[in-house]
Amino acid sequence: MSQLRSMRRNVVTMEFEKNTMLFGVDPTPRIVAIELGETGTVRVHRRETDGSTMTDVELFHPFVWCDADVVDLGIDAEKLAGDLKYGWLVTVDSWKELIALRNGLKNAGRDFFAFTDPVQHYLTATGRTLFKDLAFEELKRMQVEALVVATSRDDPGRDDHIMSIALSDNTGWEELLVVDPDNIEESERASLKRLTSLISERDPDVIEGHNLFRVHLPLIVARAKKLKTKLDWGRSGGFLRSRPSRLQIAEKTIDYPKFSIDGRHFVDTFLLAQFYDVGMRSLAGFERIDVARHFDLCEDEEISMLSGKELQRAYLENSQTFRRRALCGVRETRALSDLLSPSYFIQAQIFPYNYQDVIVRGNATRINAVFLREYFRQRHSITEVPMPQAFEGGYTDIFFTGVARNVWHCDIASLYPSIMLQFECFPATDQLQIFRHLLTDLRAFRLEAKAKMRAEQDPARQHHLQALQNTFKILLNSFYGYLGFAQGHFADFDAAARVTQIGRDLLKKMIDWLNAQGAQVIEVDTDGIYFVPPAVAGGGDAGNRGGRGRAKDQPGSTPPATTIERLQQGLAEELPAGIDVEIDEQFDAMFSYKAKNYALLTKDGEVVIKGGALKSRGLEKFQRVFLEEMIKLIMEARPEAIADLRNEFERKIRNREWKIDMLMKTDTLQDSLDKYRAKIAGSARNRAAAYELALASGRNYKPGDQISYYIKATPKKVPAYEAAKPANEFDPENRDENVDYYVAKLDELVKKFGNMKQSAAKQETLAL
């Protein structure tokens with residue numbers, strides 16, 4: 001009970017949470033799930049303060065926006081305010097009636113708009129959202145990971161079977177279900193029944209897993225089907241169901257089965273990691289071990305990495321190592337969700353979506369949902385989706401390639417939101433001015449949340465406020481994207497073009513001013529500029545145009561604070577009111593390779609690499625590590641040490657000192673296997689190892705699936721795709737990697753970036 005009281009202390013309603021336009025007009029607290037009920041009803045699941053879950057059954061009245069009075073069809077309609085296209089509202093008594101109405105309107109040739117998701121429909125109609133007045137810690141979250149005996153490529157017809165199902169939740173409870181290898185079928189059936197029983201008993205709001213949708217749930221469903229075991233996991237007794245889904249994350253398309261269950265949510269931390277990396281671009285990979293290692297979540301990295309033949313050997317030996325590895329997976333998943341879920345938890349308090357749908361909806365889609373909710377509340381007509389138009393994007397450019405020292409970064413705070421507010425770049429069809437109001441409020445809310453976060457002493461409250469201000473930041477920066485969103489009802493492509501034009505003009509003005517002061521601009525990227533201040537770029541003792549070893553002892557290489565203050569003040573005077581500039585970071589050195597691809601050496605000696613050309617996931621891990629260390633040597637003006645570094649890496653390859661994860665490559669399938677076959681047949685592409693392994697496996701791989709492999713030694717020289725072998729088949733007791741192949745890859749990397757060594761050796765930094 002004391003733990004519950006501690007959780008409740010973390011729920012302190014702040015003034016901005018009373019903003020009904022953002023958080024919804026209905027304050028009903030502690031809703032944890034909504035599900036469509038019997039005809040004309042929904043079930044509303046609520047968390048009581050004692051931790052129990054109560055369920056209310058409520059009437060549900062779906063609606064449709066129409067473009068004209070439909071009285072001639074025998075349907076009563078409500079006339080809405082305003083003169084936008086969809087000016088009539090038709091309300092019905094059940095979801096079944098809504099489907100019939102939509103079909104009737106379509107057959108009659110009428111234009112209309114209606115939601116296809118019943119939960120979004122209900123939350124929009126009521127103004128409710130999930131999780132109000134609920135701490136993230138109060139959400140009941142269960143983690144699941146199933147380990148499987150994988151099919152060998154040599155025997156693709158043999159069934160997989162589950163080795164274990166590990167379970168945990170956010171109270172610290174854990175249970176491990178291990179399938180007896182001597183009595184697989186009965187033991188596996190008993191484990192699945194126990195899993196279903198535990199879900200009912202512990203009654204989680206959320207079921208989490210890493211690669212839950214593409215690995216663990218399909219495996220559990222397949223085994224349950226074969227063993228004729230029911231998976232009735234729903235709060236109301238419903239069964240697990242799925243449908244094919246597709247998710248676009250940056251440049252990647254991921255096909256996956258979207259699972260759902262009545263009254264609960266599924267959260268896949270594999271997808272959370274993908275979304276995190278869109279902005280950060282810092283993850284080496286997306287498998288659980290990659291993400292756990294990145295966030296330093298591994299209790300024991302050796303155990304966490306255990307896979308393939310080593311894992312199966314530990315299972316057959318019934319060793320403690322296997323049990324530790326099985327529980328390690330759910331512990332790392334829980335810790336990862338603790339880090340990445342809170343922002344989405346808060347978004348579920350804002351947007352009219354189910355929790356798991358909030359995660360996979362795009363930022364602009366979520367903003368559109370808020371617009372539609374408020375227009376519905378005010379009984380105002382809505383506009384149709386506009387015709388897409390092309391427009392020029394943000395300003396990026398590069399003015400210098402090579403190594404620069406004492407590099408500073410200046411940044412326009414919230415460039416696009418500031419431009420939209422200062423220059424009134426708002427959607428022309430937004431007659432209720434929702435865009436202006438929300439943008440204004442969000443900027444104020446974020447500042448308030450940041451101030452409270454800095455002042456907060458309680459770690460749990462601080463974590464909540466960090467998630468809150470980060471959510472507001474994401475929303476703020478998404479409003480520009482909404483202007484150019486092809487599916488946004490109130491999108492405005494002319495306004496979006498005006499925003500980017502003003503942004504380009506402001507940045508060019510800043511660049512011209514910095515150059516006039518004697519600074520040297522290196523690169524500009526949308527809202528920030530990297531440059532060397534006049535004290536360094538101006539020549540004389542302050543210059544950095546020659547002489548080895550001058551990076552550390554060069555007189556005048558760091559300008560006095562007054563110089564930076566003068567530059568910041570001067571830039572501020574050049575910019576219009578409401579556009580705030582800050583010179584916010586200093587770096588010992590910068591390696592500028594090409595536009596949007598560069599490396600920075602921090603004052604603490606850390607290397608920050610930006611851009612796919614310098615840290616591509618298409619490289620094996622040993623190449624990424626080598627490249628980072630080589631770049632660091634170049635920025636430290638020590639190019640002569642690169643030869644020793646290269647020799648050290650060759651020695652480790654030839655002596656087989658590394659685990660296979662340093663040599664293996666993980667590729668993401670972008671095409672379906674059928675599409676790949678068709679392209680090969682039409683000579684539209686070359687063969688690739690990942691696809692060839694997918695075809696040979698006999699498994700139904702889909703776009704978005706990842707395949708890890710290495711190149712094995714062969715009696716004769718063959719293409720890489722013929723020598724590729726799945727990483728999970730690697731046997732550390734009988735190593736067979738092709739060391740000559742990997743040494744050649746190392747030398748290719750050295751040769752490719754040889755010009756970097758020459759640049760560093762000459763030290764012609766900032767010599768244009």
Side-chain angles (χ1 to χ4, degrees), residues 394-412 503-575 581-603 607-611 614 631 634-637 639 755-756 758-768:
Y395 180 40
T396 62
D397 206 347
I398 185 169
F399 301 92
F400 168 80
T401 57
V403 180
R405 307 204 178 280
N406 186 46
V407 175
W408 291 74
H409 180 260
C410 65
D411 174 74
I412 298 180
R504 292 192 299 273
D505 291 345
L506 291 174
L507 286 167
K508 288 174 182 176
K509 188 174 185 180
M510 291 170 64
I511 290 168
D512 289 344
W513 188 87
L514 284 169
N515 286 337
Q517 308 308 306
Q520 172 61 60
V521 174
I522 301 169
E523 180 161 341
V524 57
D525 187 3
T526 305
D527 60 357
I529 299 170
Y530 289 98
F531 69 98
V532 178
V536 174
D541 286 342
N544 191 14
R545 298 178 181 271
R548 293 184 60 181
R550 293 178 60 84
K552 293 183 179 178
D553 57 6
Q554 190 172 359
S557 63
T558 300
T562 52
T563 302
I564 296 301
E565 291 169 0
R566 177 177 60 80
L567 289 175
Q568 180 160 321
Q569 182 179 350
L571 283 169
E573 291 172 356
E574 287 292 302
L575 298 175
V581 66
E582 180 182 12
I583 298 179
D584 56 352
E585 292 181 285
Q586 180 189 10
F587 302 94
D588 274 355
M590 177 178 184
F591 173 70
S592 178
Y593 181 57
K594 61 182 181 180
K596 303 181 80 167
N597 286 269
Y598 53 86
L600 300 161
L601 182 64
T602 71
K603 305 298 288 183
V607 175
V608 179
I609 295 179
K610 302 286 186 180
L614 296 179
I631 290 172
I634 290 168
M635 289 193 292
E636 290 176 340
N755 61 325
M756 293 166 51
Q758 295 165 10
S759 171
K762 293 179 181 178
Q763 282 288 297
E764 293 178 345
T765 50
L766 296 182
L768 296 178

TODO: Give the minimum heavy-atom separation between R405 and I634, together with the two atoms involved.
DONE: NH2-O, 3.9 Å

TODO: Take K594 and T401 through the test side chain to side chain contact (heavy atoms under 4.5 Å, CB included) and record every step on the way to the result.
DONE: CA-CA 7 Å; K594 61 182 181 180; T401 57; 5.7 Å; no

Open item on the list: What's the separation between atom CG in L600 and atom CD1 in I631, rounded to the nearest 0.5 Å?
Closed with: 10.5 Å

TODO: Side-chain contact test, heavy atoms from C-beta onward, threshold under 4.5 Å: evaluate it for H409 versus D584 and give yes or no.
DONE: yes

- [ ] Return the minimal non-hydrogen interatomic distance between G528 and L507, and the atom names on each side.
- [x] N-CD2, 4.4 Å

Task: Validation row: R566, Q517 side chains within 4.5 angstrom (heavy atoms) - done: yes

Open item on the list: Quick check for you: to the nearest 0.5 Å, what is the distance between I511 atom CD1 and L571 atom CG?
Closed with: 10.5 Å

Task: Distance-minimising heavy-atom pair for L614 and A599 - done: CD1-N, 4.2 Å

- [ ] Given side chain to side chain contact (heavy atoms under 4.5 Å, CB included), test N597 with F591 step by step and report yes or no.
- [x] CA-CA 9 Å; N597 286 269; F591 173 70; over 6 Å; no

Task: Side-chain touch V403/M590, heavy atoms, less than 4.5 angstrom - done: no

- [ ] Nearest 0.5 Å please: distance from the CD1 atom of I398 over to the CD atom of E523.
- [x] 4.5 Å

Open item on the list: V407 and side-chain contact (heavy atoms from CB on, under 4.5 Å): which single residue from L601, V532, D588 fits?
Closed with: V532

- [ ] For Q568 and I583, indicate whether the former's side chain and the latter's backbone hold a donor-acceptor pair under 3.5 Å.
- [x] yes

Task: N/O donor-acceptor pair under 3.5 Å between S592 side chain and F400 backbone - done: yes

TODO: Please report the shortest heavy-atom distance between A637 and P639, naming the atom on each side.
DONE: C-CD, 3.2 Å

Open item on the list: Does the Lys NZ or Arg CZ of K603 fall within the cation-pi geometry relative to F587 - under 6.0 Å from the ring centre and within 45° of the axis?
Closed with: no

Task: I609 and V607, any side-chain heavy atoms less than 4.5 Å apart - done: yes

Open item on the list: Taking the side chain as everything from C-beta on, heavy atoms only, tell me whether W408 gets closer than 4.5 Å to E585.
Closed with: no

- [ ] State which residue, out of I522, L567, N515, fulfils the side-chain contact (heavy atoms from CB on, under 4.5 Å) condition with F531.
- [x] L567

Task: E574 CD to L514 CG distance, which is reported to the nearest 0.5 Å - done: 9.5 Å

Task: Pairwise side-chain contact, I529 with F399, heavy-atom cut-off 4.5 Å (strictly under) - done: no

- [ ] Measure the shortest side-chain to side-chain distance between M510 and V581 over non-hydrogen atoms and say whether it is less than 4.5 angstrom.
- [x] yes

